[in-house]
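Input: a single structure, listed below in structure tokens.
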2 protein chains.
Amino acid sequence: MPRPRSLTPDQLATAALAVIDRDGLAGLSMRAVAQEIGMSTMGLYRYVEDRGELEQLVIDRVLDTVDPMPPDRGRPWHERIEIMVERLRGVVGSHPWLVPLIIAHRHRSATILRWSEPVAAILAEAGLDGRERVIALRSLLAYVVGAIQLEQLGPLAGAGTQVIADRAELPYLSETARHAHDVTTDEEFHGGLALLLRGIGGGPAIR
Amino acid sequence: MPRPRSLTPDQLATAALAVIDRDGLAGLSMRAVAQEIGMSTMGLYRYVEDRGELEQLVIDRVLDTVDPMPPDRGRPWHERIEIMVERLRGVVGSHPWLVPLIIAHRHRSATILRWSEPVAAILAEAGLDGRERVIALRSLLAYVVGAIQLEQLGPLAGAGTQVIADRAELPYLSETARHAHDVTTDEEFHGGLALLLRGIGGGPAIR
DNA sequence: CCTTTAGGCGTACGGCATACGCTTACGATG
DNA sequence: CATCGTAAGCGTATGCCGTACGCCTAAAGG
């Protein structure tokens, strides 16, 4: 009976994401999204309660593209976890501006749960008991969250690291920084993950 | 010759920190800090270029309390790293509102460098070569950053986890969540760190 | 005592989220 | 086809925010 909606939540999320990808997180405002759609600012409030709900819409839209299918069970379990982690990193990494938003809304998102389910299953198969599983799962999440942020904020082989390499008062750190340029972003991420997996008990043997 | 300054940067940082600790990060505004000091809003701009510089002041003030002294060399190196990590977590954890600010300003902060120096030294002593050191150091930082945020956003034994425990469509995850209540925040943090250290090669032997 | 310099304040602007009330398009019903 | 209830969409207004700019004044050197 009433007038039909002229916008789907998905169109709204797409518009907001376009704004973010173009102008960064700071460019995201109700006005900007309304303009992107070609609607008045207040018209948006017919679709979302407030700005937070719009953000949630964007995050869900992006995170929903993470494939939650358990990987082929023929592989060793640490490889399967790597695959799951890499899927998450791939999706988040293609929208780096979203990272702070995802962090802030993490607890409300169903995707993290859907992602965690197969990971928990793999850890159980690997023989970890309940308590070990709790700790391993949280550690993996902590590592992924932290690594993605560090990666986004300053590439390892970038200018910031170069500055450190020249600091005479920090001999060990600068010596370490000089080795940074031949570690790619991917090697760094997977290297760290491999350390964690080895600690959990599933990685290749100790050096 | 000119009129002397009536405020030290430290007083400014202290006032801003008081506002944050009382009203949260959202409560931090130039107006609020000015009122806290008993000065007009624009008076603050005699001391800082802009809001960002005020934030930097607060972060430096807090992070400067992290003890950068290398721990007693008699201990095994993985214990020494644990001590360094715990110092960082202790300081940041007592001002949880600051976490997003610290993340955003991370690259400008000298404290992280001062902290990283002894950690790099310990890793070198442990026998890691340059490349391994780069990866281990970044991993530790990633874990700490991620874990502190996860810890702050949702306690493991809290209501959020309880909800998960009742989700029938996520059998492995909910089974895992049911074990969460007997893992304290500290156990979780140190358990994850122990996994990472074991992977690096310095933790207690594999299970 | 006078001059100079920076300290401190008030005002004003443009941007933000959003509360509220009006107008209007729609489509089900008579 | 005419009518009307409902929700869509818009305009206005409020109260935040950071901060540019110009004025007045305190204080120290000569």
Side-chain angles (χ1 to χ4, degrees), chain A residues 1-61 97-98 100-105 108, chain B residues 1-61 97-98 100-105 108:
Chain A
M1 176 176 345
R3 184 172 168 180
R5 305 216 135 205
S6 55
L7 230 53
T8 65
D10 192 73
Q11 284 174 292
L12 201 53
T14 304
L17 191 57
V19 170
I20 293 176
D21 284 343
R22 175 164 22 89
D23 303 329
L25 194 53
L28 180 70
S29 72
M30 299 307 272
R31 283 166 170 83
V33 174
Q35 193 166 19
E36 180 80 19
I37 297 180
M39 183 185 263
S40 87
T41 306
M42 294 312 291
L44 297 184
Y45 286 89
R46 288 277 164 193
Y47 296 91
V48 292
E49 188 69 27
D50 55 20
R51 181 201 163 104
E53 205 174 299
L54 177 66
E55 292 174 352
Q56 187 65 56
L57 233 46
V58 175
I59 292 165
D60 286 344
R61 193 197 125 85
W97 295 110
L98 282 190
L101 233 50
I102 292 173
I103 300 295
H105 290 253
R108 276 185 262 170
Chain B
M1 180 178 340
R3 181 171 170 181
R5 305 218 133 203
S6 54
L7 228 52
T8 65
D10 192 73
Q11 285 175 290
L12 202 52
T14 303
L17 190 57
V19 171
I20 293 176
D21 284 343
R22 174 163 25 86
D23 302 329
L25 195 52
L28 180 70
S29 72
M30 300 305 273
R31 284 169 171 83
V33 174
Q35 192 167 20
E36 180 80 20
I37 297 179
M39 183 185 265
S40 87
T41 306
M42 295 312 292
L44 296 183
Y45 287 88
R46 290 274 165 196
Y47 297 91
V48 290
E49 188 70 25
D50 55 18
R51 181 200 163 106
E53 205 173 299
L54 177 67
E55 293 175 352
Q56 187 65 57
L57 233 45
V58 175
I59 291 165
D60 286 346
R61 193 197 126 85
W97 297 109
L98 282 190
L101 233 51
I102 293 174
I103 300 294
H105 289 252
R108 278 184 261 169

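Values reported hereafter were calculated over all heavy atoms of this structure, with side chains retained and with hydrogens, waters and symmetry mates removed.
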*B/S/- contact track for nucleotides 15-24 of chain C, protein heavy atom under 4.0 Å*: -BBBBB---B

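- A/R22 places no side-chain N or O within 3.5 Å of a backbone atom of A/G27 that could act as its donor or acceptor partner.
- Between A/M39 and A/L12, the closest side-chain pair of non-hydrogen atoms is not below 4.5 Å.
- Remark: C1' of D/dC17 and CG of B/L25 are 14 Å apart, rounded to the nearest angstrom.
- Between the side chain of A/R51 and the backbone N or O of A/L28 there is at least one donor-acceptor pair closer than 3.5 Å.
- Few gaps surround CD on B/Q11; more than 12 heavy atoms of other groups in view lie less than 6.0 Å from it.
- Checking side-chain atoms of B/D50 against main-chain N and O of B/E53 turns up a donor-acceptor pair under 3.5 Å.
- Side-chain N/O atoms of A/Y47 include none lying less than 4.0 angstrom from OP1 or OP2 on D/dA8.
- Computed from coordinates, the B/R5 CZ to D/dA28 C1' distance equals 16 Å when rounded to whole Å.
- For B/E53 and D/dT19, the CD to C1' distance is 14 Å, given to the nearest whole Å.
- In this structure, B/Q35 atom CD and D/dC17 atom C1' are separated by 15 Å, rounded to whole Å.
- For the pair A/Y47 and A/S6, the minimum side-chain heavy-atom distance is below 4.5 Å.
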